[in-house]
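Encoded as structure tokens, the structure appears first; notes follow it.
All values below were derived from every heavy atom in this structure, side-chain atoms included, with hydrogens, water molecules and symmetry-related copies excluded. None of the values given here were measured: they were computed from a predicted structure.
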Amino acid sequence: MTFQHILFSIEDGVAFLSLNRPEQLNSFNAAMHLEVREALKQVRQSSDARVLLLTAEGRGFCAGQDLSDRNVAPDAEVPDLGESIDKFYNPLVRTLRDLPLPVICAVNGVAAGAGANIPLACDLVLAGRSASFIQAFCKIGLVPDSGGTWLLPRLVGMARAKALAMLGERLGAEQAQQWGLIHRVVDDAALRDEALTLARQLASQPTYGLALIKRSLNASFDNGFDEQLELERDLQRLAGRSEDYREGVSAFMNKRTPAFKGR
């Protein structure tokens, strides 16, 4: 598949996916959704991809849905926005959350609407100092989607989640970090390099075990304590059978740098 709306490559263990509709602030239309879906399918199927880095081109990360892609004229048929969510946004955030490898998101500039919530489905979010997150749905009479109503209360608490969702005010990157919405803020000019450095660092680590860590932490939102203990037992059993575990122990005992393979 030839990509027109994204940039995609896999190199040195890092799958690089960048939204590339900068003149539309990387807002999603159906074509870009399909390209992102195909790229993520290739990431899942690739034995070379050990980390995914998601970012965007231009002055903004993503303005959410491209409203020009929908007919909302007064005399037009009422659109079924639930169909769009079922077809595109829910599969996207589920895939990012469930990918069996670390997912880094580097947010440059504005992230609004679905574009503010897609990063929250990733594992580690870096943001440029000028980045901002806006739950813009309320401005046009909509409900936060792409996991926003589930993720926001768990990340920042219910009071802040309601304020973000109902007021639609801009949340700057440094405030987002202080509230626990994102991992780290870096200078705008350094964002891409910092994100790539982090991605390459993770790609050299035992990524099979990192995927199990991701799985266990994601499950902890819904598990009781005893269920989580049992899940830890089961995942530790899998981790202990991995090549990376054997390599890690061998390298430790022999005082050498481990060469992990992600399996």
Side-chain angles (χ1 to χ4, degrees), residues 19 21 24-30 32-33 36 54-56 59-74 76-97 103 105-185 217-218 220-222:
L19 308 180
R21 300 183 74 224
Q24 294 79 27
L25 280 176
N26 299 307
S27 56
F28 274 90
N29 60 10
M32 189 163 81
H33 269 297
V36 170
L54 173 64
T55 188
R59 61 188 177 89
F61 176 73
C62 178
Q65 173 65 34
D66 185 345
L67 296 181
S68 69
D69 203 40
R70 293 172 173 167
N71 186 354
V72 292
E77 183 180 352
V78 176
D80 184 353
L81 301 189
E83 181 182 9
S84 174
I85 290 174
D86 260 343
K87 186 175 181 180
F88 293 125
Y89 289 100
N90 284 354
L92 171 57
V93 294
R94 284 190 178 113
T95 297
L96 291 172
R97 181 177 165 83
V103 179
C105 185
V107 178
N108 52 305
V110 66
N117 292 331
I118 289 168
L120 307 184
C122 302
D123 302 315
L124 295 170
V125 182
L126 278 63
R129 209 165 296 281
S130 68
S132 60
F133 299 81
I134 308 171
Q135 296 294 322
F137 304 92
C138 62
K139 302 296 186 180
I140 54 173
L142 296 181
V143 176
D145 58 31
S146 302
T149 61
W150 192 88
L151 290 161
L152 284 170
R154 287 164 169 78
L155 291 169
V156 302
M158 186 61 76
R160 286 172 171 166
K162 286 183 177 179
L164 290 170
M166 293 183 177
L167 299 176
E169 295 176 342
R170 172 188 176 277
L171 183 68
E174 293 187 358
Q175 188 72 65
Q177 181 184 20
Q178 292 171 13
W179 283 10
L181 196 73
I182 65 174
H183 168 55
R184 184 153 54 96
V185 177
L217 290 174
N218 285 342
S220 71
F221 281 129
D222 301 311

Nearest 0.5 Å please: distance from the [atom1] atom of [X] over to the [atom2] atom of [Y].
{"X": "Leu124", "Y": "His183", "atom1": "CG", "atom2": "NE2", "answer": "5.5 Å"}
{"X": "Leu171", "Y": "Gln178", "atom1": "CG", "atom2": "CD", "answer": "9.5 Å"}
{"X": "Met32", "Y": "Phe88", "atom1": "CE", "atom2": "CZ", "answer": "11.5 Å"}
{"X": "Gln24", "Y": "Cys62", "atom1": "CD", "atom2": "SG", "answer": "11.5 Å"}
{"X": "Thr149", "Y": "Lys162", "atom1": "OG1", "atom2": "NZ", "answer": "12.0 Å"}
{"X": "Asn29", "Y": "Leu67", "atom1": "CG", "atom2": "CG", "answer": "12.0 Å"}

Which pairs with one or both residues in residues 145-181 pass ring-ring contact (aromatic ring centres under 6.0 Å, His included), sequence neighbours excluded?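 Listed by first then second residue: Trp150-Phe221.
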Which pairs, with at least one residue in residues 155-176 and sequence neighbours excluded, count as a ring-ring contact (aromatic ring centres under 6.0 Å, His included)?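 The answer is none; no pair qualifies.
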Which atoms form the tightest heavy-atom contact between [X] and [Y], and what is the distance?
{"X": "Asn26", "Y": "Leu19", "value": "OD1-O, 3.2 Å"}
{"X": "Val156", "Y": "Ala161", "value": "CG2-N, 3.8 Å"}
{"X": "Val93", "Y": "Ser146", "value": "CG1-O, 3.6 Å"}
{"X": "Phe61", "Y": "Ala111", "value": "CD2-CB, 4.1 Å"}
{"X": "Ala56", "Y": "Asn108", "value": "O-ND2, 3.3 Å"}
{"X": "Arg129", "Y": "Glu174", "value": "NH1-OE2, 2.8 Å"}

Mind telling me whether Phe28 and Tyr89 have parallel, tilted or perpendicular rings, with 30° and 60° as the class edges?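 It falls in the perpendicular class, over 60°.
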Quick check: do [X] and [Y] have side-chain heavy atoms less than 4.5 Å from each other?
{"X": "Leu152", "Y": "Leu181", "result": "yes"}
{"X": "Leu164", "Y": "Phe133", "result": "no"}
{"X": "Arg59", "Y": "Leu25", "result": "yes"}
{"X": "Leu54", "Y": "Cys122", "result": "yes"}
{"X": "Ile134", "Y": "Val110", "result": "yes"}

Under the side-chain hydrogen bond (donor to acceptor under 3.5 Å, both in side chains) rule, collect the residues that match up with Asp123, sequence neighbours excluded.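 Scan of Asp123 (side-chain hydrogen bond (donor to acceptor under 3.5 Å, both in side chains), adjacent residues dropped) gives Lys214.
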Can you list everything that forms a side-chain hydrogen bond (donor to acceptor under 3.5 Å, both in side chains) with Asn117? Sequence neighbours excluded, please.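 Counting only residues at least two positions away or on another chain, Asn117 forms a side-chain hydrogen bond (donor to acceptor under 3.5 Å, both in side chains) with Gln135.
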Tell me if a side-chain donor or acceptor on Lys87 pairs with a main-chain N or O of Ala30 at a distance below 3.5 Å.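 Side chain of Lys87 to backbone of Ala30: no pair is present.
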Is it the case that the side chain of Arg97 and the backbone of Leu120 share a donor-acceptor pair, with hydrogens and angles ignored and the cut-off at 3.5 Å?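 No, Arg97 side chain to Leu120 backbone: no donor-acceptor pair under 3.5 Å.
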Evaluate side chain to side chain contact (heavy atoms under 4.5 Å, CB included) for Leu126 paired with Val107, printing each intermediate quantity in order. CA-CA 6 Å; Leu126 278 63; Val107 178; over 6 Å; no
Stepwise side chain to side chain contact (heavy atoms under 4.5 Å, CB included) test for Ser132 and Arg170: CA-CA 6 Å; Ser132 60; Arg170 172 188 176 277; 3.3 Å; yes
Identify, with sequence neighbours excluded, every residue that meets salt bridge (Lys or Arg N to Asp or Glu O under 4.0 Å) alongside Glu169.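 Per chain and number, Glu169 pairs via salt bridge (Lys or Arg N to Asp or Glu O under 4.0 Å) with no residue.
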Please name all residues satisfying salt bridge (Lys or Arg N to Asp or Glu O under 4.0 Å) with Arg21, sequence neighbours left out, ordered by chain then number.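 With sequence neighbours excluded, Arg21 shows a salt bridge (Lys or Arg N to Asp or Glu O under 4.0 Å) to Asp66, given in chain and number order.
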